[in-house]
Amino acid sequence: MILWKIIFKNAFRHKLRTALTVLAVAVAILAFGLLRTVISTWYASVETSSATRLITRNAVSITFPLPLSYYSKIRQVDHVEMVSYGNWFGGIYITEENFFANFAVEPETYLELYPEYLIDEDQRSSFLRDRRGFIAGRQLVERFGWEVGDIVTLEGTIYPGNWEFQLQAVYRGRDENVDESQFFFHWEYLNETLEETDPAMADQVGYYLVGITDPDMAAQVAGEIDALFANSPAETITETEESFVLGFISMTETIIEVIRIVSLVVIVIILAVVANTMAMTTRERTGEYAVLKTLGYSGGQITFLIMGEALIISLCGALLGILLTYPAAQGFRQALRAFFPTFNVQPDTILIDLGIAVIVGIAASLIPSRQAVRIRIAEGLRRIG
Amino acid sequence: MESASNIVEIRNICKSYRRGEHTIAVLNDISFDIARGEFLAIMGPSGSGKSTLLNLIAGIDRADSGSIVVNDEDITALSESELAGWRADNVGFIFQFYNLIPVLTAAENIDLPLHLTGLTRAQRREHVEAALEMVNLTARSEHYPSQLSGGEQQRVAIARAIVIDPVILVADEPTGDLDRASAEDILGLMERMNRELNKTIVMVTHDPHAARSAHLVRHLEKGEFSP
Ligand SMILES: Nc1ncnc2c1ncn2[C@@H]1O[C@H](COP(=O)(O)OP(=O)(O)OP(=O)(O)O)[C@@H](O)[C@H]1O
Ligand SMILES: [Mg+2]
């Protein structure tokens with residue numbers, strides 16, 4: 001159809017103007033895609049958390065410990081299958097910029113409660129055998145170029161001193177949302193040392209991780225555990241890992257809200273840019289549209305020309321933006337791996353990008369095409385010369 | 001089917017424009033006929049309403065009152081979209097500034113009105129080639145308007161006007177933007193269309209020389225024909 005040829009030729013008639021518009025749309029789509037990825041990364045951590053894992057912590061705050069003696073009591077609660085525990089260690093590797101999460105955990109039960117960590121069998125058993133061994137996620141290992149057998153020293157912040165560990169195992173995530181940037185070592189190693197250096201800190205647990213048989217029993221089990229320690233010096237709060245993580249996230253809820261609003265603003269900007277370009281081009285082509293109408297072309301066909309041109313421009317911009325989103329996300333992940341252990345562009349983000357481009361293309365051409373259709377032919381023809 | 005010998009019958013046409021508070025009467029109760037096969041030139045001073053009248057005959061503008069019958073069809077009774085269809089079938093347009101679509105080649109510009117007909121691709125190509133030959137531009141068919149001289153562009157425009165085999169050809173100052181030689185060329189072509197294809201032509205012009213090509217010259221002055 002000859003109209004298609006006109007659309008394509010028109011879209012690239014003013015090369016500089018079209019290039020700038022496409023670029024503006026691309027940058028905006030890129031920004032939108034990254035912002036959305038930040039949000040979905042945030043929530044991905046919730047989606048991966050399991051409904052069959054409960055976390056028991058001190059009722060006052062996560063920073064207050066619980067006695068190790070709770071372990072056997074929690075084990076005896078109905079529907080509890082397995083109990084593990086750990087402490088946030090908070091060690092620093094060389095400098096603070098190298099931040100990553102590191103925990104002292106009861107290794108055997110912990111790894112069993114996290115089947116999403118995939119570990120080579122030999123490595124698993126050598127990690128479990130070596131009291132000074134540690135296991136780390138694949139991304140963390142790659143980040144620092146560690147190899148199995150390497151000695152890694154962390155400087156304690158909560159627990160002073162230099163702590164030496166040997167890398168015995170590397171875990172991979174079962175899917176891309178699993179955090180592969182964590183560091184776990186034997187709780188016993190921490191506790192033995194504390195018994196000598198600071199006995200008051202020994203036999204204390206930061207949190208218990210409770211595996212239950214049936215997710216439907218979560219509320220009941222949590223209630224029973226907390227009832228066990230009610231009115232004791234260290235009361236507990238037990239919740240599912242999901243709500244635990246969500247509670248964590250809700251602190252940043254306002255930030256997410258701000259990001260959402262910024263995303264909307266970005267869309268409005270794209271619309272303004274494309275609408276401005278379309279207003280300029282259709283104004284210049286008033287005479288040409290009048291000629292087409294003179295020849296018998298309908299208002300619908302004129303609208304098709306203008307809308308098609310707007311769609312080509314907005315879709316070119318969106319495609320360029322999408323192409324840029326992947327390397328940009330990669331760069332983001334490199335730069336901010338401490339905060340975003342996973343940073344993957346979701347397919348639905350790409351679909352939304354394309355949806356925005358289509359809506360913007362249509363919306364940006366509504367007013368110009370309405371004007372081009374409405375203007376009387378004799379009037380339009382007078383604008384030539 | 002051959003009907004009355006008049007191809008255009010204009011009765012009591014009035015047309016005025018409103019400019020703010022004022023109403024400017026451009027055409028005052030004009031009535032006249034155009035015979036089939038006529039080559040009519042309309043002359044008159046600037047602002048006398050020549051273009052306005054031509055636009056009414058061609059169905060791209062509407063009169064305030066009166067009727068215009070072209071080829072036995074009262075076009076003042078047609079709706080906007082009916083009128084568009086009627087133009088596509090019946091009227092060939094030639095403008096002062098050629099008004100070709102710059103992003104299309106000469107051949108594509110000529111092809112443009114044919115897309116609104118039911119012709120097949122092959123039929124359209126045949127028509128386009130015939131029209132190009134008639135205006136002697138076969139060699140330039142793949143050239144874009146910007147690669148053609150003014151006279152050549154106007155020849156393409158004539159080919160585009162004639163390609164649908166219209167009932168009537170309207171031309172608004174077709175030589176107004178051309179040098180003498182090109183103007184002669186264009187007028188010669190129009191005479192040929194009139195003589196060989198028996199096309200009725202209504203041409204608005206300032207140029208007495210151009211008007212000499214026509215059979216009949218009417219003078220419009222202040223919205224009325226002077227005798
Ligand atoms: N859309 C409009 N709004 C207001 N006035 C108009 C409009 N179109 C034409 N006119 C006025 O109507 C009158 C006749 O215009 P028209 O274009 O028909 O003149 P013309 O005889 O073709 O003149 P020219 O030889 O300069 O082309 C002029 O006074 C013009 O200013
Ligand atoms: Mg005029």
Side-chain angles (χ1 to χ4, degrees), chain A residues 1-18 277-278 280-310 312-313 369-385, chain B residues 15 17 26 51-56 58-63 79-105 107-117 121 124 128 144-146 157 160-161 163-164 166 170 172-173 176-177:
Chain A
M1 183 68 177
I2 201 153
L3 292 183
W4 281 107
K5 175 163 184 195
I6 299 179
I7 288 176
F8 275 95
K9 290 269 193 157
N10 275 349
F12 300 102
R13 209 151 132 187
H14 273 274
K15 301 231 162 39
L16 182 63
R17 184 198 289 163
T18 301
T277 298
M278 290 317 295
M280 282 199 280
T281 59
T282 49
R283 180 173 294 267
E284 288 165 7
R285 291 178 200 151
T286 302
E288 285 167 39
Y289 298 133
V291 170
L292 288 171
K293 285 201 280 182
T294 303
L295 295 178
Y297 281 85
S298 66
Q301 285 165 316
I302 303 294
T303 303
F304 175 74
L305 281 182
I306 295 172
M307 211 167 261
E309 188 178 339
I312 284 180
I313 290 175
S369 57
R370 202 177 139 94
Q371 282 173 343
V373 168
R374 284 214 162 170
I375 188 169
R376 289 169 43 247
I377 295 175
E379 191 67 28
L381 288 173
R382 287 169 79 91
R383 304 244 183 119
I384 299 173
Chain B
K15 173 79 180 173
Y17 290 107
V26 179
S51 296
T52 304
L53 178 60
L54 194 72
N55 289 344
L56 293 179
I60 57 179
D61 207 353
R62 285 182 177 281
S79 72
E80 269 322 305
S81 61
E82 286 169 338
L83 204 53
W86 176 82
R87 285 196 303 271
D89 292 338
N90 295 286
V91 189
F93 296 87
I94 302 163
F95 306 94
Q96 177 175 359
F97 299 106
Y98 334 127
N99 286 2
L100 301 177
I101 302 297
V103 294
L104 298 179
T105 63
E108 286 165 340
N109 264 287
I110 298 168
D111 196 18
L112 205 48
L114 294 179
H115 277 271
L116 296 173
T117 64
R121 203 189 178 84
R124 290 201 324 262
V128 170
Y144 286 91
S146 60
R160 179 178 70 183
V163 76
I164 57 161
V170 299
D172 196 343
E173 317 239 13
D177 206 44

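A note on names: the letters A, B, ... follow the listed sequences, proteins ahead of strands, and every chain is numbered from 1.
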Check your understanding: If you look at every heavy atom in A:G296 and B:A88, which pair is closest and at what distance?
Key ->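 So the two residues come closest at CA-CB, 4.1 Å.
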Restricting to non-hydrogen atoms, name the atom on A:I2 and the atom on B:L112 that form the minimum distance, rounded to 0.1 Å.
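Nearest pair, atom of A:I2 first, then B:L112: CG2-CD1, 3.8 Å.
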I'd like to know whether B:F93 forms a side-chain contact (heavy atoms from CB on, under 4.5 Å) with A:V291, so could you lay out the CA-CA distance, the side-chain angles of the two residues, the decisive distance to 0.1 Å, and finally the verdict. CA-CA 9 Å; B:F93 296 87; A:V291 170; over 6 Å; no
Which bit of B:Y98 comes within less than 4.5 Å of chain A, counting heavy atoms only: side chain, backbone, both or neither?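 B:Y98 has no heavy atom closer than 4.5 Å to chain A.
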**OP:** Might you work through the side-chain contact (heavy atoms from CB on, under 4.5 Å) test for A:L381 and B:D61, ending with a clear yes or no?
**Re:** CA-CA 11 Å; A:L381 288 173; B:D61 207 353; over 6 Å; no
If you tally heavy-atom pairs under 4.5 Å against chain A, which of [options] wins?
{"options": "B:L104, B:L83, B:N55", "value": "B:L104"}
{"options": "B:R121, B:R160, B:Q96", "value": "B:R160"}
{"options": "B:E80, B:E108, B:R62", "value": "B:E108"}

- Run the numbers on B:I101 and A:L292 for side-chain contact (heavy atoms from CB on, under 4.5 Å), then give the verdict. CA-CA 9 Å; B:I101 302 297; A:L292 288 171; 4.2 Å; yes
So A:R382 and B:S51, do their side chains get closer than 4.5 Å, heavy atoms only?
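No, side chains not in contact.
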Which portion of A:F8 sits near chain B, non-hydrogen atoms under 4.5 angstrom =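 No part of it gets close to chain B.
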(Q) Quick check on A:E379 against chain B: is it the side chain, the backbone, both or neither that has a heavy atom closer than 4.5 Å? (A)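 Neither part.
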- A:R376 atom CZ, over 12 foreign heavy atoms within 6.0 Å: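 Count over threshold, so yes.
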### Message
Tell me if a side-chain donor or acceptor on B:R87 pairs with a main-chain N or O of A:T294 at a distance below 3.5 Å.
### Response
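Present.
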